[in-house]
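Notes for the one structure printed next.
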Amino acid sequence: MPGAGETAADVAVAEIAAAVAAESAYMEDVLAHLVEAPTTLGNEEPGQDVMRGAFRELGLEPVDMALDEEMLRSHPAASPFSWDVTGKRNVIADWRPGGEGGRSLVLNGHIDVVAPAAESLWRTAPFTAVRDGDWLYGRGAGDMKGGLAVILGAVKALRALGLEPLAPVQLQSVVEEECTGNGALQCAVSGLRAEACVVTEPFPASVSISQVGVLWFHVDIAGLPAHAGDAQDGANAIEAAFPVVAALRRLEEELNESPPPPYDMFDHPINLNVGVLRGGDWPSTVAAECTLSCRIALFPGQRVEWLQARVEEAVASATGEHPFLAAHPPRVRYDGFACAGAEIAADHALVRTLSESYERLEGAAPELVPTTATTDARLFLHEGIPAVCFGAWAENMHGVDERVNIPSMISAAQVLAVFIRDWCGVVG
Ligand SMILES: [Zn+2]
């Protein structure tokens, strides 16, 4: 019964919020299990097993969605990959509608995480879930197993209230967000063709409306091996990488010269990252080969092929200062992310409805933000499914002592549950 000054809708919000709060221990528990599955690239399956169990606990039937290599090799929004994807699969679950007339929805999160980088720098073992105050530590806690827990908590709470959506809702746990986005692309192509998608990446108190694209490229640099005592007879491939990096840094500066809105709010929106350098094989041998593996971003509206040409030009320009490189030009290869940016209108019904749901609980609208990283939301946008990111408060993603704020995870699940009511409609 609505009390004085309350409407029925307000009471329903409070009921939903309480039902989600009642799932706090469940959400933290499932998050801990997810964190303790070290789901780096190629090792996602133990995490997907946790998700299968979690979907069953919600009363939903988990379904495996295998990656279709042939489709992913030819789809224009796919990223190239050199590794074997045989047997790799997303896990999805359909929450069937209990009525009609609502809007359909995909709730998406990724199971894969990046490697811990430097375990010795961590305060705690990266794949052990450790709670300290309001925070839960572990690789992937924020990016984005906390987000998977947000989805599970929201849906579990609504089901506990006996509520069902008025349109199909599909829950998706995907692979390969951190390297290609091809898991999400498989879902966008083969999963529910929904009227909206929420990716529960850690965007606290904010909704993403624009994201950059990302390009991974690898530069293979040749050298000429020789005994270190006769180094003048050889050519050192590792040292030849230095002018290549310098040329790429000049390109990076050019790309940041006049960022288009909304990226003009950042000092340096396009970041080049020299993530991996591999080369040489012996301290007393002049390095015979070296590979630089890099990441660089591009603004929405810019084409991946255009950036690839700029990268190749920059690498070629480095050979001018280096006679051996000039005679043996480095080779640029593409393996991993090759994706354009993506945007959604700030006044899109999805953005407005989610903002309103957020405001009902938090009393103020979330910020609508651009991001200088890429997320799986872009694959849905590229496939014509409106998509945003919204989620918990996390810190140190891809760094050391990654952590997610547990109260923010509960709050995000409350918002998501109310959003499901507002977007899909629910029936008891
Ligand atoms: Zn992520």
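Just follow the structure's listing: the first ligand is 1, and inside any ligand the first atom is 1. The figures that follow rest on heavy atoms only: side chains count, while hydrogens, waters and symmetry mates do not.
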Expected output: side-chain D112 to main-chain E178 donor-acceptor under 3.5 Å:
yes
From the N, O or S atoms in H110, identify the one nearest to the Zn ion (ligand 1).
NE2
Looking only at heavy atoms, the pair that brings V155 and L171 closest together is CG2-CD2, 4.1 Å
Is there an N/O/S atom in D143 that lies less than 2.8 Å from the Zn ion (ligand 1)?
yes
Is there an N/O/S atom in D376 at a distance below 2.8 Å from the Zn ion (ligand 1)?
no
So, K88 and E176, do they make that salt bridge, N to O below 4.0 Å?
yes
Hey, are E164 and R96 close enough for a salt bridge, meaning a charged N less than 4.0 Å from a carboxylate O?
no
